[in-house]
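This chain uses plain numbering: 1 for the first residue, then up along the sequence. The figures here come from the full heavy-atom set of this structure, side chains too, leaving out hydrogens, waters and symmetry mates. We count ligands from 1, going down the list as the structure has it; atoms in each ligand are counted the same way.
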Amino acid sequence: MVQAVMDKQFEQAAGRESILSVRDLTVGFGDNIVLDKLNLDVLRGEILGFVGASGTGKSVLMRTVLRLLPKRSGTIKILGAEYDKVSEEERIALDMRLGVLFQHGALFSALTVRENIQVPMREYLDLPQELMDELARLKIELVGLAPEAAEKYPSELSGGMIKRAALARALALDPDLVFLDEPTSGLDPIGAAEFDELIAKLRDTLGLTVYMVTHDLDSLFSVCDRIAVLGQKRVLVEGTIEDMLACDEPWVKSYFRGKRARAIVREHG
Ligand SMILES: Nc1ncnc2c1ncn2[C@@H]1O[C@H](COP(=O)(O)OP(=O)(O)OP(=O)(O)O)[C@@H](O)[C@H]1O
Ligand SMILES: [Mg+2]
């Protein structure tokens with residue numbers, strides 16, 4: 001109760017609603033504790049960049065928040081509701097307000113782009129095919145793909161087009177919050193920068209909140225409003241890029257003030 005009051009005060013002080021709030025989350029596999037009493041907030045309308053060394057648990061955290069992995073303890077509040085405590089009906093309503101782009105297997109290979117985008121529509125809504133086709137067309141346009149992409153299979157697309165198509169599927173139900181696991185990995189720097197611009201545009205025009213796991217320093221400097229760093233089984237630091245640059249935690253320091261980062265800092269002024 002006291003914690004809840006403190007959380008509320010913190011949110012009000014910050015002037016922003018926390019759309020995802022994770023408290024004391026512990027997740028493990030057998031003896032391997034991956035996340036230990038982790039705390040994290042994602043604020044409405046922001047792009048939160050989530051970083052951390054490989055294997056620290058970034059994907060595990062995302063999957064746990066999405067209830068694809070079980071937690072040992074802790075609470076996860078998403079869009080104001082505690083998943084564990086809501087009815088099945090409310091849970092479905094909550095799931096519909098979340099979009100996801102997974103790190104691996106972003107699209108179903110046996111389905112066209114249009115059919116992929118329609119998967120969540122079929123799962124949650126009962127719409128006539130014509131309307132679903134129109135909605136898919138709009139999503140394809142929204143993510144900057146050509147209309148012809150609709151009838152193509154993933155194997156016929158470039159890496160960048162696959163990421164855009166997967167984003168279109170994540171946006172199929174007009175979510176409030178999207179989870180993107182390394183959306184620009186494997187893209188060339190120009191393709192990655194264009195994808196970042198698209199994400200920023202969606203935040204600005206749709207008021208989308210974005211939780212983005214990334215190793216891409218360019219993304220962190222150019223589009224992320226805040227950054228959270230995972231290490232030692234918890235969020236080590238959370239803040240703006242300026243906070244990261246001022247942070248003396250050894251991993252954060254070498255990541256944000258290493259050779260590659262310095263070149264980007266120069267570029268971004
Ligand atoms: N289903 C699972 N069963 C057992 N262990 C798992 C499972 N999924 C992940 N792990 C372990 O959890 C740890 C964190 O993995 P995770 O995939 O979250 O790392 P990550 O931070 O996303 O790394 P990367 O940057 O390489 O994607 C690893 O030690 C991994 O082996
Ligand atoms: Mg991962």
Side-chain angles (χ1 to χ4, degrees), residues 20-42 47-76 78 83 98-108 154 159-160 162-163 166-167 169-170 177-189 191-192 195-196 199 209-224 226-239 241 244 247 249-261 264:
L20 169 67
S21 151
V22 178
R23 292 289 175 275
D24 294 324
L25 179 71
T26 300
V27 182
F29 305 95
D31 293 339
N32 180 19
I33 301 295
V34 177
L35 307 174
D36 192 12
K37 296 207 173 78
L38 177 142
N39 293 304
L40 175 71
D41 279 288
V42 181
I47 300 178
L48 181 87
F50 202 75
V51 291
S54 194
T56 45
K58 301 181 298 296
S59 295
V60 164
L61 174 60
M62 191 175 121
R63 299 181 76 87
T64 308
V65 166
L66 291 165
R67 285 184 306 123
L68 300 169
L69 284 174
K71 57 185 167 66
R72 295 259 169 99
S73 57
T75 57
I76 299 170
I78 198 155
Y83 253 141
L98 309 176
V100 190
L101 189 159
F102 287 108
Q103 184 171 13
H104 303 291
L107 293 175
F108 295 112
I162 288 177
K163 298 285 189 187
L167 181 64
R169 188 176 66 187
L177 171 61
V178 287
F179 294 86
L180 311 175
D181 199 347
E182 306 208 16
T184 57
S185 71
L187 300 187
D188 66 72
F195 194 93
D196 285 341
I199 299 288
T209 307
V210 181
Y211 175 111
M212 178 159 75
V213 176
T214 184
H215 282 296
D216 192 328
L217 280 164
D218 278 309
S219 303
L220 293 165
F221 278 94
S222 60
V223 292
C224 292
R226 284 191 324 127
I227 295 164
V229 181
L230 186 62
Q232 298 158 31
K233 307 182 197 290
R234 59 190 173 86
V235 173
L236 282 176
V237 256
E238 219 178 316
I241 192 77
M244 300 302 129
C247 179
E249 199 285 327
W251 191 87
V252 178
K253 195 172 163 181
S254 66
Y255 194 83
F256 288 96
R257 285 187 267 165
K259 198 168 162 212
R260 227 178 73 71
I264 294 170

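Minimum heavy-atom separation, Lys163 to Glu182: NZ-O, 3.4 Å. Taking all atoms of both residues into account, the shortest heavy-atom contact from Cys247 to Val237 is SG-CG1, 3.9 Å. The shortest heavy-atom contact between Leu230 and Val235 is CD1-N, 4.2 Å.
Considering only heavy atoms from C-beta on, Thr64 stays 4.5 Å or farther from Val22 through its side chain. Taking 4.5 Å as the limit, some side-chain heavy atom of Ile199 sits within range of a side-chain heavy atom of Leu167. Between Leu35 and Val60 the shortest side-chain heavy-atom distance falls below 4.5 Å. For the pair Arg169 and Phe108, the minimum side-chain heavy-atom distance is below 4.5 Å. Pro183 is listed as a side-chain neighbour of Met212, based on a closest heavy-atom distance under 4.5 Å.
In this structure, atom 24 (P) of ligand 1 lies nearest to the protein heavy atom Ser54 OG, 3.5 Å. Nearest to atom 23 (O) of ligand 1 among the protein's heavy atoms is Gly55 N, 2.8 Å. In terms of protein heavy-atom proximity, atom 31 (O) of ligand 1 is nearest to Asn32 ND2, 5.0 Å. In terms of protein heavy atoms, atom 27 (O) of ligand 1 is closest to Gln103 NE2, 3.0 Å. Residue, atom and distance of the protein heavy atom nearest to atom 1 (N) of ligand 1 are Phe29 CE2, 3.7 Å. Closest to atom 12 (O) of ligand 1 among all protein heavy atoms lies Val34 CG2, 3.5 Å. Among all non-hydrogen protein atoms, the one lying nearest atom 15 (O) of ligand 1 is Val60 CG2, 3.8 Å. Remark: minimum distance from atom 25 (O) of ligand 1 to any protein heavy atom is reached at Lys58 NZ, 2.7 Å.
Heavy-atom proximity to His215, at under 4.0 Å, picks out these atoms of ligand 1: 25 (O). Atoms of ligand 1 found under 4.0 Å from any heavy atom of Gly57, numbered from 1 in the order shown, are 14 (C), 16 (P), 18 (O), 19 (O), 20 (P), 21 (O). The atoms of ligand 1 that sit less than 4.0 Å from any heavy atom of Glu182 are 25 (O), 27 (O).
In summary, Arg72 and Asp24 do not engage in a salt bridge, as defined by a charged side-chain N under 4.0 Å from a carboxylate O.
Within a 4.0 Å radius of atom 9 (C) of ligand 1, the protein contributes at least one heavy atom.
With a cut-off of 2.8 Å, the Mg ion (ligand 2) has no N, O or S atom of Met62 in range.
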